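Input: a single structure, listed below in structure tokens.
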Amino acid sequence: MLGRVNHVAIAVPDLAAAAESYRATLGANITEPQALPEHGVTVVFVTLPNTKVELLEPLGEASPIAAFLAKNPAGGMHHICYEVTDIIAARDRLKAAGARVLGDGTPKIGAHGKPVLFLHPKDFQGTLIELEEV
Ligand SMILES: CC[C@@H](C(=O)O)C(=O)SCCNC(=O)CCNC(=O)[C@H](O)C(C)(C)COP(=O)(O)OP(=O)(O)OC[C@H]1O[C@@H](n2cnc3c(N)ncnc32)[C@H](O)[C@@H]1OP(=O)(O)O
Ligand SMILES: [Co+2]
């Protein structure tokens, strides 16, 4: 069911500082900041030869990363995103297996303009999983 790792996400308290650290200190290519109010985050992607790193900063009053940053004020690894070819089939298979699909189970459009869903970290070894249809 799982394809490539699309991205690994890091929640950060200061997106500009994190992006500058990746650009200037690590010499990475980074994208322009993208505000995604429906997801409650602003993102920058670090583009790498084999995958991407997504830097996330909270946006708005009800950001889903606010509690995570309260527990990890300096930031930290937040989720891993796997590609799937059929997100509805993947969702239904996971639900049938007892995994908790977050939200109402309807995919949202993610940062790449593709449908995404999230799976509860307590069901997957303490790691929040994002699925992205490609
Ligand atoms: C940019 C768009 C898109 C893309 O295209 O790439 C994105 O990536 S958007 C990224 C942000 N969106 C989301 O994270 C949506 C899904 N997340 C959620 O619905 C919530 O964050 C959550 C996972 C349900 C957590 O809810 P929250 O209210 O923050 O915390 P809880 O207290 O309910 O947490 C319960 C439990 O889980 C632990 N936890 C929380 N977040 C993580 C995490 N990222 N990784 C590992 N574990 C996590 C939390 O610590 C709690 O554990 P205990 O303390 O043991 O109870
Ligand atoms: Co993501």
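A quick note: this is a predicted structure, and the numbers were derived from the prediction, not measured.
- Residue pairs meeting the ring-ring contact (aromatic ring centres under 6.0 Å, His included) criterion with at least one partner in residues 15-34, sequence neighbours excluded, do not occur; the list is empty.
- Between Tyr82 and Met1, the closest side-chain pair of non-hydrogen atoms is not below 4.5 Å.
- Under the 4.5 Å side-chain criterion, counting only non-hydrogen atoms from C-beta, Leu117 is in contact with Ile87.
- The hydrophobic cluster containing Phe124 does not contain Leu102, counting ILVMFWY residues as joined when their side-chain heavy atoms lie under 4.5 angstrom apart, directly or transitively.
- Contact annotation: the side chain of Leu119 approaches that of Leu94 to within less than 4.5 Å [non-hydrogen atoms, C-beta and beyond].
- Using a 4.5 Å heavy-atom threshold, the side chains of Val41 and Pro58 count as separate.
- Residues Ile10 and Ile129 share a hydrophobic cluster, clusters being chains of Ile/Leu/Val/Met/Phe/Trp/Tyr side chains in contact below 4.5 Å.
- Between Val46 and Ala28, the closest heavy-atom pair is CG1-CB, 3.5 Å.
- Leu26 and Leu56 are assigned to two separate hydrophobic clusters, defined by single-linkage of ILVMFWY side chains at heavy-atom distances under 4.5 Å.
- Side chains of Leu69 and Pro13 form a contact here, defined as non-hydrogen atoms less than 4.5 Å apart.
- Annotation: Arg100, atom CZ; neighbour count of heavy atoms from other residues, nucleotides and ligands within 6.0 Å is above 12.
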Show me, pair by pair, the donor-acceptor contacts under 3.5 angstrom made by side chains of residues 70-80, not counting sequence neighbours?
from	atom 1	to	atom 2	distance (Å)
Asn72	ND2	Phe68	O	2.9
His79	NE2	His7	NE2	3.4
His79	NE2	Glu54	OE1	3.0
His79	NE2	Glu130	OE1	2.9

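- Taking the side chain as every heavy atom from C-beta outward, Lys52 and His112 approach each other to under 4.5 Å.
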